[in-house]
Number of protein chains: 2
Amino acid sequence: MGTAEETADDMPWGEVTPDAARRLLVAAVAAFAERGYHATTTRDIAGRAGMSPAALYIHYKTKEELLHRISRIGHVKALAILEGAAGGPGGAADRLADAVRSFVRWHAGRYDTARVVQYELDALGPEHRAEILELRRRSDAAVRRILEDGVREGEFDVPDVPGTTLAVLSLCIDVARWFNTRGRRTPDEVGALYADLVLRMVGAPPRP
Amino acid sequence: MGTAEETADDMPWGEVTPDAARRLLVAAVAAFAERGYHATTTRDIAGRAGMSPAALYIHYKTKEELLHRISRIGHVKALAILEGAAGGPGGAADRLADAVRSFVRWHAGRYDTARVVQYELDALGPEHRAEILELRRRSDAAVRRILEDGVREGEFDVPDVPGTTLAVLSLCIDVARWFNTRGRRTPDEVGALYADLVLRMVGAPPRP
DNA sequence: GGACACCCTAAGCGCTTGCTCACCCTCGGG
DNA sequence: CCCGAGGGTGAGCAAGCGCTTAGGGTGTCC
């Protein structure tokens with residue numbers, strides 16, 4: 001895609017410019033994740049970014065636009081993870097394990113962002129929500145594709161592919177709800193555990 | 001427990017009296033599930049119940065008390081489902097399948113209640129939240145007990161019991177997020193699918 | 001029929017919300 | 001040295017919020 005995404009892993013919001021707009025966006029992610037969109041005030045966001053409430057409206061038209069920007073960037077990132085794994089090398093089991101492992105790792109490691117992305121969809125306006133739902137449909141399709149490949153090649157035993165697709169994505173997404181940094185597990189550990197559990201769900205032998 | 005719970009399945013909020021208080025509570029569940037706690041106004045709740053905004057404060061001290069009552073009743077019901085299945089007859093696999101099936105059925109069939117119960121915890125005050133978290137710890141313990149039994153008796157192959165407990169509960173709870181009545185699946189179908197998936201996760205042969 | 005308890009409402013209080021507006025500070029180019 | 005443009009602020013507006021209060025209607029007891 002764009003050239004600005006090359007540092008996406010190191011600097012998660014590197015594509016957001018100018019600097020003041022990025023600071024506001026990072027502050028909004030923290031506030032939305034902690035209190036929820038509706039319970040967060042524009043004064044709270046501006047305060048976390050070290051600015052006055054009015055500064056927010058120089059860079060964003062409304063509070064909802066801020067949420068939309070966060071949600072769009074997050075969903076694009078999530079989709080890239082899943083499509084990257086779906087189109088990767090190896091058999092269906094390898095690709096499924098890779099998809100779950102990296103998707104879960106993102107939901108755990110960036111759980112504040114993921115929480116906003118996954119749980120504040122209803123706060124978006126109708127057109128913005130429709131745009132985001134299209135990205136989610138493509139995420140669903142990427143996982144379903146792996147399962148269909150595995151079934152066709154005899155690697156998986158899955159009676160209900162759409163239902164299992166839903167369950168796999170649901171399992172990964174819910175990590176953002178319960179994960180917190182004070183827990184005992186690291187994002188890598190949760191990713192490994194979940195990849196194993198999902199392989200069992202589709203009837204594939206566990207990875208080494 | 002109490003005698004008022006005998007009709008709990010037929011009339012979900014039968015234990016709430018008087019009638020006006022129940023109507024308000026049912027209206028609040030619908031509003032909280034649809035828009036979220038913070039986006040719901042007391043005027044909205046009272047309007048859905050066909051009353052004036054002031055009527056709410058005859059039966060409930062604050063909006064937060066309403067949420068607390070909903071959350072407590074819902075968590076008690078969820079805990080009863082899980083402890084009932086954990087203490088039921090049959091081997092660990094039967095009890096685990098039963099727990100998942102009925103827990104998922106409740107999350108799908110009463111998804112508006114479940115959504116409030118599972119996703120609005122942070123809106124509770126500190127003491128109320130602590131009380132609810134204790135109920136959740138007991139739910140976790142009920143599922144973990146089934147897994148431990150299954151491992152001890154050689155029915156299950158589960159390397160990480162606490163992690164798998166978390167995953168099983170997480171999978172079931174997230175049903176409340178994505179389920180809606182316009183979808184293709186019935187609560188019974190989702191319950192059956194999920195029970196099968198969870199048995200696979202713990203390495204047990206599928207039920208007939 | 002009068003006293004009383006119980007629900008409920010109309011009106012509105014004090015406060016916070018998302019957002020705006022008039023103004024200011026800083027800094028590169030002629 | 002002045003100028004204009006762009007990023008920032010202090011003060012505040014209209015609207016909506018959770019919640020309160022004074023009072024009215026209704027049914028049940030003696």
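We name chains A, B, ... by the order of the sequence lines, and we start the count at 1 in each one. Not measured: the values here are computed from a predicted model.
Side-chain proximity of Ile58(B) to the nucleotides dT21(D), dC8(C), dG8(D) is greatest for dC8(C). Ranking dC19(D), dT9(D), dG18(D) by closeness to the Met51(A) side chain, first place goes to dT9(D). Counting only heavy atoms from C-beta on, Thr42(B) has its side chain closest to dG18(D) among dT9(D), dT9(C), dG18(D). With dG18(C), dA10(C), dC19(D) as the choices, the nucleotide that has an atom nearest any side-chain atom of Pro53(B) turns out to be dC19(D).
One atom, CG of Asp44(B), and another, P of dC19(D), lie 15 Å apart when rounded to the nearest Å. The distance from atom CD1 of Ile45(B) to atom P of dC19(D) is 10 Å, rounded to the nearest whole Å. Separating the CG atom of Leu56(B) from the C1' atom of dC19(D) is a distance of 10 Å, rounded to the nearest angstrom. Put simply, CG on Leu24(A) is 8 Å from P on dG8(D), counting in whole angstrom units. In this structure, Glu65(B) atom CD and dC19(D) atom P are separated by 10 Å, rounded to whole Å. Distance NZ (Lys61(A)) to P (dG18(C)): 18 Å, rounded to an integer number of Å. Regarding His59(B), its NE2 atom lies at a distance of 16 Å from the C1' atom of dC19(D), rounded to whole Å. Between Asp19(B) atom CG and dC7(C) atom P the separation is 11 Å, expressed in whole Å.
Phosphate contact (OP1/OP2 of dC19(C), side-chain N/O of Tyr57(A), threshold under 4.0 Å): present. Under 4.0 angstrom from either OP1 or OP2 of dT17(C) there lies no side-chain N or O belonging to His38(A).
Atom-to-atom distance recorded for Thr42(B):OG1 and Leu66(B):CG is 10.0 Å, nearest 0.5 angstrom. Leu82(B) contributes atom CG, which lies 13.0 Å from atom CZ of Arg95(B) (distance to the nearest 0.5 angstrom).
Put simply, the side chain of Arg43(A) and the base of dG18(C) share a donor and an acceptor less than 3.5 Å apart.
Ser52(B) comes within 4.0 angstrom of a base, heavy atoms only.
For Arg184(B), the CZ atom counts as loosely surrounded, since its 6.0 Å shell holds 12 or fewer non-hydrogen atoms of other residues, nucleotides or ligands.
Taking the side chain as every heavy atom from C-beta outward, Leu25(B) and Tyr60(B) approach each other to under 4.5 Å. By the 4.5 Å heavy-atom criterion applied to side chains, Glu148(B) and Val158(B) are not counted as neighbours.
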